[in-house]
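Have a look at the structure below, then the notes.
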Amino acid sequence: MQTRAVEIVTIGAGIAGLSFARTMAQQGHKVLMLERSRAVGGRCATWRHMDLAMDYGVPFLHGRSPLFWQTVDELIGADVLSGWPYRVEGEGPTCQPRALDPAVRHAALRGGLNSLAKKLAEGIEIIRECEVTGITIHDGQWQLSGEGFLVTADTLVLAAANAESLHLLKDSILAEAASGARALFGLTQSLTCLSLLVCYDAPPSHPAWDLLLPETSSSIQLISNESSKNAQSQKLSFCIQARPAWSRQRLNSSTDEWTRELLYEAAPLLGDWSLKPDWLRPHRWLEARLDSASRLRGPLLQDIAGCKLGIIGEYFDPAGGLEGAFLSGYRLATLLMETK
Ligand SMILES: Cc1cc2nc3c(=O)[nH]c(=O)nc-3n(C[C@H](O)[C@H](O)[C@H](O)COP(=O)(O)OP(=O)(O)OC[C@H]3O[C@@H](n4cnc5c(N)ncnc54)[C@H](O)[C@@H]3O)c2cc1C
C-alpha cells in the first residue's frame, strides 16, 4: 500500500482541477492531483489517429473571460485557431447557448483542445490511472483511498463531474456533513452525449463548413469538421455528436447499433460515401455537460470537521462549460489563498 501525506489534494485533472492546481502553484502552493485516466483533460478530449488530432468532447473553446483567453494565448500561442469555426452551416442549437454569439470569442487549437490541458498540467504532480473510490475524515484529516493507495490531506478539492463527485461524498460522516453540497448536486441535470469520430482517407470532396448544426435532425446535434483544424491533412474527419434525448434513449443499445444509426442519419447531410468510414471511434459520455439552467455563482468551500472541502467544475461558475470549469478552479484557488 502506497501512502502519501500532503497539504492539498485534488480528485480529477480536468480543466477545473488543472486550473485550480496551476493557480495554486503560481502562488507557491503544491497540489497533488489524482486522476483516474491515463490522460489529463477529462471532457476536453482529443484522439490522435495518423496525422490527425480530433476532438471528441468539447469541440471548440468559447467564452468572454479575459483571464481565460489570456491563459489560452499564453500557453498555446500560434497554435490558437482564433475564430474557428470560421464557416457554420445550419441554425440548430449549439451545446452551450450563445457559444457562437458574435460578442463571444471562439477558437480551436491546432493539435487538439487537449493540448490546453497538457499545458496547464506542466509542473504539477499528477498521479494518473489512480481512481479514488473512498473518502473519509480521520483524525482531523481527509483520507482518500483506492486500489493500493492511501492519501491524507488537510484540504480536499473535488473536481470530478457532478454525479461522480456526489457518489464520492457517500460516506456516512460526509453524507451528513456535506449535505448542503449534496443537495446542490441534486439540482443539476447532466446531459448525455453519444459521440462518433469518423475518418475518410480519400474523400470525394471536403465540405464547405467547419461546423454543421442541422435544425431538423432528431438525432444529430452537430457535426464538427475536425480535419479543418488540421489544414495539412488530406484526410477528412468529423465528430458527430448526438442530441441529449436521443443519446439517453440509446444508453442501453449496443455501440454497433447506435454507431450505425448515426452514420445513416449523417449520410443525407454528408453524402452516401460517408456511410463507409476508413476509421471510426465511438464514445459514450454519460455526463457530457450540464443543462445550462444548472449553474451556481462560484465554487464551494466548506469546513467539515476542521478539514477544508472545495468543489469545482462547470456547475460552479455562471459561464458554464469549459470556460466555467476553468474559472471555477481559478476562483477556488483565490478563495483558499484569502483564507490562509
Ligand atoms: C461531447 C461534449 C461536448 C461538449 N460541448 C461543449 C461546448 O460546446 N462548450 C463548452 O463550454 N463545453 C462543452 N462541453 C463540456 C466541457 O467539456 C466541460 O464542461 C468541461 O470540460 C468540464 O471540465 P471539468 O474539469 O469540470 O470536468 P471533467 O472534464 O469531467 O474532469 C473531471 C476529471 O475527473 C476525473 N475523475 C472523475 N472521477 C474520479 C475519481 N473517482 N478518481 C480520480 N479521478 C476522477 C475524470 O477522469 C476527469 O479527468 C462538452 C462536453 C462533451 C463531452
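As the structure is a computational prediction, the values presented were derived from the model and not from experiment. For ligands, and for the atoms within them, numbers begin at 1 and follow the listed sequence.
- Counting heavy atoms only, A288 comes closest to atom 52 (C) of ligand 1 of the residues A288, G12, G313, A319.
- Near Q96, the atoms of ligand 1 lying under 4.0 angstrom from a non-hydrogen atom of the residue are 7 (C), 9 (N), 10 (C), 11 (O).
- Near A160, meaning under 4.0 Å from one of its heavy atoms, ligand 1 places the atoms 32 (C), 34 (O), 37 (C), 38 (N).
- Interatomic distance, Q96 CD to D101 CG, rounded to the nearest 0.5 Å: 13.0 Å.
- If you look at E164 next to ligand 1, the close heavy atoms, those under 4.0 Å, all belong to the side chain.
- Closest to atom 47 (O) of ligand 1 among all protein heavy atoms lies E35 OE2, 2.6 Å.
- Once rounded to the nearest 0.5 Å, the distance linking OG1 of T155 with CD of Q141 reads 9.5 Å.
- Note: T192 OG1 to R243 CZ = 15.0 Å, rounded to the nearest 0.5 Å.
- If you check which protein heavy atom lies closest to atom 39 (C) of ligand 1, you get I11 CG2, 4.0 Å.
- Atom 22 (C) of ligand 1 has R43 NH2, 3.6 Å as its closest protein atom, hydrogens excluded (heavy atom only).
- Against a heavy-atom cut-off of under 4.0 Å, Q241 is close to the following atoms of ligand 1: 1 (C), 3 (C).
- Between R4 and the choices L32, V9, L144, the side-chain contact (heavy atoms from CB on, under 4.5 Å) rule is met once, by L32.
- Ligand 1 places these atoms under 4.0 Å from at least one heavy atom of A16: 25 (O), 26 (O).
- Side chain of E226 to main chain of D55: a donor-acceptor pair is present (N/O by atom type, distance under 3.5 Å, no hydrogens or angles).
- On a distance-only criterion, I15 and ligand 1 share at least one N/O pair closer than 3.5 Å.
- Every heavy atom of S195 sits 4.0 Å or more from the atoms of ligand 1.
- Remark: distances from the non-hydrogen atoms of A159 to ligand 1 include one below 4.0 Å.
- In terms of modelled atom types and a separation under 3.5 Å, the side chain of Q241 and the main chain of G57 share a donor-acceptor contact.
- Residue H167 qualifies as open at atom NE2: its count of foreign heavy atoms under 6.0 Å is 12 or below.
- When hydrogens are left out, the protein atom nearest atom 31 (O) of ligand 1 is G14 CA, 3.4 Å; that is the closest non-hydrogen contact.
- How far CG of L61 is from NE2 of H106: 11.0 Å, rounded to the nearest 0.5 Å.
- Listed by number with element, the atoms of ligand 1 under 4.0 angstrom from any heavy atom of E131 are 41 (N), 42 (N).
- Contacts between T133 and ligand 1 below 4.0 angstrom, taking non-hydrogen atoms only, are absent altogether.
- Ion pairing of R105 with D73 is present here, as a side-chain N (NZ or NE/NH1/NH2) and a carboxylate O approach within less than 4.0 Å.
- Between the side chain of S224 and the backbone N or O of L211, no donor-acceptor pair lies under 3.5 Å.
- Counting only heavy atoms of the protein, atom 23 (O) of ligand 1 lies nearest to A325 CB, 3.6 Å.
- Between F185 and Y315, the angle of the ring planes lies from 30° to 60°, which puts this pair in the tilted group.
- Residue-ligand proximity: H62 is placed with a non-hydrogen atom under 4.0 Å from ligand 1.
- In this model, a donor atom of one side chain and an acceptor atom of the other lie less than 3.5 Å apart for W84 and S228.
- A salt bridge is defined here as a Lys NZ or Arg NE, NH1 or NH2 lying under 4.0 Å from an Asp or Glu carboxylate O, and R22 with E74 meets this definition.
- Regarding atom 19 (O) of ligand 1, its nearest protein heavy-atom neighbour is E314 OE1, 2.9 Å.
- Protein heavy atom nearest atom 44 (N) of ligand 1, with residue, atom name and distance: R36 N, 3.0 Å.
- Between H283 and W285, the gap from one ring centroid to the other is short of 6.0 Å.
- Atom 8 (O) of ligand 1 has its closest protein heavy atom at C95 CB, 3.4 Å.
- Taken from CG in L109 to CG in L81, the straight-line distance is 7.0 Å, to the nearest 0.5 Å.
- The atoms of ligand 1 that sit less than 4.0 Å from any heavy atom of G41 are 29 (O).
- For ligand 1, the atoms closer than 4.0 angstrom to any heavy atom of C130 are 42 (N), 43 (C).
- Every atom of ligand 1 with a heavy atom of C193 under 4.0 Å away is listed here by number and element: 1 (C).
- Contact annotation: for V58 versus ligand 1, heavy atoms closer than 4.0 Å belong to both the backbone and the side chain.
- The closest non-hydrogen atom to atom 12 (N) of ligand 1, taken over V40, L100, V132, L322, comes from L322.
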